[in-house]
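Taking it in order: structure first as structure tokens, then the write-up.
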Amino acid sequence: MSGREDEPHPPSIRHGLDELIAERRAKRERLRETDKTAFPYAFPGSTPIDELLAEYTHLQVGEETTEPQHRVAGRIVARRGAGKAAFFDLVDRTGKIQLHARVDVLGRKDFDELLSLDLGDLVGVFGVMLRSRHGELSLRIDDFQVLAKALRPPPDKHHGLTDVETRYRRRELDLIANEDTRRVFAQRARIVAAVRAYLDAHGFIEVETPILQALYGGAMARPFTTRHNALERDLYMRIATELYLKRLIVGGLERVYELGKDFRNEGLSHKHNPEFTMVEWYEAYADYNDEAARLEEVVAAAARSVDYAGELDFSAPWRRVTFSEAIAQRTGIDVLDHRDAEELRAAIAKLDLDVHINGDTWFQLADDMLGKLVEPTLQQPTFVLDYPVELSPLARAHRSQEGLVERWEAFAGGMEIANAFSELIDPDVQRERFAAQERLSALGEEEFQPYDDTFVQALEQGMPPSGGVGLGIDRLVMVLTGRDSIREVVLFPAMRG
RNA sequence: GCCCCGUUAGCUCAUCUGGUAGAGCGCCGGACUUUUAAUCCGGUGGGGCGGGUUCGAGUCCCGCACGGGGCACCA
């Protein structure tokens with residue numbers, strides 16, 4: 001092959017995007033030839049834009065400084081030519097500043113070169129601060145360097161980028177175009193930092209447990225499988241960190257947490273991504289009531305970290321309602337009075353619901369009632385307590401309620417955000433719970449807790465009474481940033497293809 | 001996996017019953033020494049992919065891909 005087919009088309013037959021890219025490539029070559037300082041390897045000593053703006057708030061309208069000269073680096077997002085003067089908007093990670101260029105300061109050659117730059121190009125500028133006649137703090141350009149050429153055009157400078165597919169698949173474009181997106185991910189970072197800071201300050205140590213596991217556990221979910229070639233065996237991606245963290249409690253660490261990704265091979269939705277971020281913490285000598293109070297504190301700290309000012313009131317104590325009360329309040333049915341699938345199904349049928357309640361067993365039906373009828377109504381932070389034992393194979397039996405366990409799920413914004421137990425520490429009971437799960441599996445249930453003998457042996461070593469919590473970070477961020485889709489708070493959400 | 005809806009220029013959006021697809025921004029050329037969605041003049045660029053019906057398809061039909069919403073599943 002001659003290679004001719006790989007060469008750019010002649011200008012006469014370029015169209016659309018190809019034409020725009022060709023223009024920018026040509027400009028890049030011109031810059032390389034005419035400006036020896038184009039594309040330096042670094043641009044040290046630049047001042048963040050927000051700091052610069054804060055430093056000069058005292059400037060009066062029309063006032064110009066003559067020193068000191070500042071350096072600023074960023075991306076050109078707007079350009080307004082005005083004959084022998086021109087204005088640019090420059091954006092860095094901290095904000096936006098207007099640049100003022102004058103031909104009598106820069107000279108004809110540099111001025112023309114500056115004006116030939118495209119929206120999206122990265123530049124470093126040197127200059128002094130002024131406040132324009134229209135009152136905007138600006139940097140007058142005394143000199144500049146082109147740091148990088150954008151070969152592809154940026155999204156619309158005014159309307160930004162709204163196409164959700166492009167926003168998620170090309171998140172860099174979303175971040176360039178939408179300040180709101182940049183803010184959300186900065187807030188996410190602050191929330192994660194606040195959760196860690198709280199736990200660190202309360203005697204928890206952060207640990208890391210295996211993501212690749214020979215046996216998955218700690219939640220009801222289908223796992224991803226992968227292959228270890230050297231060991232010639234299949235491995236699972238973790239669906240939860242629970243069982244390993246409890247072994248660390250047995251080991252005497254007493255307060256541990258892990259913040260990281262879990263992987264569940266389930267469908268996608270506005271609140272489900274196949275890989276998602278969870279923090280789980282466990283502490284010895286505490287029960288699920290202690291953990292409810294701790295979650296209130298963790299979430300309050302996270303809310304403070306982003307100056308949350310929305311509709312939800314995270315101040316303690318949050319509303320508490322039992323599993324059966326919550327369902328009864330919505331439907332009039334006390335599921336504990338109908339511990340039989342047919343009987344409960346008949347009671348549900350009388351309700352004339354516009355949603356279908358699914359399940360083969362009474363506890364599956366009851367769980368679906370909670371999920372479909374109650375959960376969407378739980379906007380303000382709420383604990384739902386005391387779940388059926390069949391739904392919770394790792395939770396300790398309720399101290400006073402037969403057939404229930406000491407478990408709560410926390411809801412906010414109509415969505416589950418956390419789950420906790422008084423942990424089951426009796427190895428014999430745990431063994432029997434696993435056996436019950438295996439019987440469910442034999443009946444065709446795809447999601448169950450596989451028998452984990454290593455974990456049971458750990459319990460046999462003696463585990464202190466403990467409480468543990470799993471808090472969904474993505475959903476917490478959704479609630480605290482007011483987003484209604486998990487894709488808005490995950491930088492690169494799972495997409496088909 | 002199933003159901004419904006969507007896909008028009010680099011971006012944001014128009015386009016009545018099938019009859020030559022428009023605009024703004026951007027980009028190219030020109031004017032302008034305080035603009036800020038700068039302005040003014042001229043120019044440039046397009047129907048997701050593959051079939052079908054028709055004299056003629058962005059428009060009607062079928063398939064595919066991708067996206068959104070819902071269901072199933074799940075935290």
Side-chain angles (χ1 to χ4, degrees), chain A residues 11 14-24 26-27 61-62 64 77-89 96-106 111 116 118-120 130-138 140 150-170 173 176-177 218-222 239-240 262-274 276-278 280 355-356 358 364 367-368 371-372 375 409-411 415-419 445-447 470-476 478 484-487 493 495-497:
Chain A
R14 283 187 196 120
H15 296 291
L17 181 58
D18 287 343
E19 185 178 3
L20 298 176
I21 291 175
E23 292 279 3
R24 285 166 178 256
K27 286 185 184 176
V61 170
E64 303 192 16
V77 298
R79 180 185 53 229
R80 298 176 288 280
K84 295 182 176 60
F87 297 85
F88 298 82
D89 289 339
K96 179 164 76 176
I97 191 171
Q98 174 169 270
L99 307 178
H100 182 200
R102 302 169 51 131
V103 68
D104 58 357
V105 171
L106 285 166
F111 184 79
S116 78
D118 291 308
L119 300 190
L130 59 90
R131 189 180 289 281
S132 74
R133 287 176 209 167
H134 286 69
E136 178 157 354
L137 277 177
S138 310
R140 194 195 70 213
L151 294 180
R152 290 177 181 274
D156 187 273
K157 65 180 179 183
H158 180 241
H159 298 96
L161 180 67
T162 62
D163 178 75
V164 291
E165 182 171 359
T166 308
R167 287 186 51 237
Y168 299 156
R169 287 185 187 278
R170 303 285 316 282
L173 294 181
I176 287 171
M220 308 269 201
R222 293 157 69 184
I239 58 172
D262 291 341
F263 307 84
R264 297 188 183 176
N265 208 338
E266 312 284 357
L268 284 64
S269 84
H270 69 104
K271 53 183 183 179
H272 296 92
N273 198 56
F276 63 102
T277 303
M278 174 101 100
E280 290 191 41
V355 294
H356 186 249
N358 300 296
Q364 288 168 330
D367 194 38
D368 207 38
K372 288 208 177 79
E375 178 171 346
E409 290 186 313
F411 297 84
M415 193 168 55
E416 181 190 347
I417 60 169
N419 179 34
E445 188 66 28
E446 288 198 56
E447 280 152 13
L471 169 62
I473 293 292
D474 311 283
R475 290 184 177 181
L476 178 64
M478 285 170 66
D484 56 12
S485 171
I486 195 169
R487 300 183 192 97
M495 303 287 278
R496 184 193 302 270

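Remember, it's a predicted structure, so these values are computed and weren't measured experimentally. Atom set for the values below is all heavy atoms of this structure, side chains included, hydrogens, waters and symmetry mates excluded. Proteins come first, then strands; the chains are lettered A, B, ... in the order of their sequence lines, and each starts at number 1.
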Assess whether atom NZ of A/Lys96 is packed by more than 12 heavy atoms of other residues, nucleotides or ligands within 6.0 Å. no
The salt bridge (Lys or Arg N to Asp or Glu O under 4.0 Å) partners of A/Asp89 (sequence neighbours excluded) come to A/Arg80
Roughly how many Å apart are [M] and [N], using the [atom1] atom of each and rounding to a whole number?
N: B/C16; M: B/U59; atom1: P; result: 12 Å
N: B/G47; M: B/G43; atom1: C1'; result: 23 Å
N: B/C40; M: B/C25; atom1: P; result: 8 Å
N: B/A57; M: B/A72; atom1: P; result: 43 Å
N: B/U20; M: B/G56; atom1: C1'; result: 11 Å
N: B/G42; M: B/C5; atom1: P; result: 44 Å
N: B/G48; M: B/G68; atom1: C1'; result: 16 Å
N: B/U8; M: B/U15; atom1: C1'; result: 9 Å

Distances for protein N or O near nucleotides 63-66 of chain B N or O, under 3.5 Å:
residue: B/C66; atom: O3'; partner: A/Arg169; partner atom: NH2; Å: 2.4
residue: B/C66; atom: O2'; partner: A/Glu165; partner atom: OE1; Å: 3.0
residue: B/C66; atom: O2'; partner: A/Glu165; partner atom: OE2; Å: 2.1

Check every atom of [options] against the side chain of [X] and return the nucleotide holding the closest atom.
X: A/Leu20; options: B/G67, B/C13, B/C27; answer: B/C27
X: A/His270; options: B/C28, B/U12, B/G70; answer: B/G70
X: A/Leu17; options: B/C13, B/U44, B/G10; answer: B/G10
X: A/His158; options: B/A37, B/C73, B/G10; answer: B/A37
X: A/Tyr168; options: B/G68, B/G10, B/C25; answer: B/G68
X: A/Leu119; options: B/G68, B/C11, B/C27; answer: B/C27
X: A/Pro155; options: B/G26, B/C73, B/C11; answer: B/C11
X: A/Asp118; options: B/G10, B/C27, B/A37; answer: B/C27

Could you tell me whether the side chain of [Y] reaches within less than 4.5 Å of the side chain of [X], counting heavy atoms only?
X: A/Asp262; Y: A/Glu280; result: yes
X: A/Arg152; Y: A/Ile21; result: yes
X: A/Asp474; Y: A/Asn273; result: no
X: A/Val77; Y: A/Lys157; result: no
X: A/Asn358; Y: A/Lys372; result: yes
X: A/Leu173; Y: A/Pro154; result: no
X: A/Arg475; Y: A/Phe276; result: no
X: A/Lys84; Y: A/Arg102; result: no

In the strands shown, is [N] matched to any nucleotide by a Watson-Crick or G-U wobble pair with both distances under 3.5 Å, and which?
N: B/U15; answer: none
N: B/U8; answer: none
N: B/C27; answer: B/G43
N: B/C71; answer: B/G1
N: B/G63; answer: B/C49

Ignoring hydrogens and angles, does a donor from either the side chain of A/Asp156 or the base of B/G10 sit under 3.5 Å from an acceptor on the other?
-> no
Look at all strands and tell whether [X] reaches a base, only sugar-phosphate, or nothing, counting heavy atoms closer than 4.0 Å.
X: A/Gly267; value: base
X: A/Glu280; value: nothing
X: A/Gly470; value: nothing
X: A/His100; value: base
X: A/Arg167; value: nothing
X: A/Arg79; value: sugar-phosphate

Result for 5'-nearest mapping on RNA chain B, choosing between A/His159 and A/Pro274, is A/His159
The residue, A/Arg102 or A/Asn273, whose nearest nucleotide of RNA chain B is more 5′ is A/Arg102
d([atom1], [X]; [atom2], [N]) in whole Å:
X: A/Gln98; N: B/U34; atom1: CD; atom2: P; result: 12 Å
X: A/Asp367; N: B/A72; atom1: CG; atom2: P; result: 13 Å
X: A/Phe276; N: B/C73; atom1: CZ; atom2: P; result: 18 Å
X: A/Ile486; N: B/G69; atom1: CD1; atom2: P; result: 12 Å
X: A/Glu23; N: B/G10; atom1: CD; atom2: P; result: 15 Å

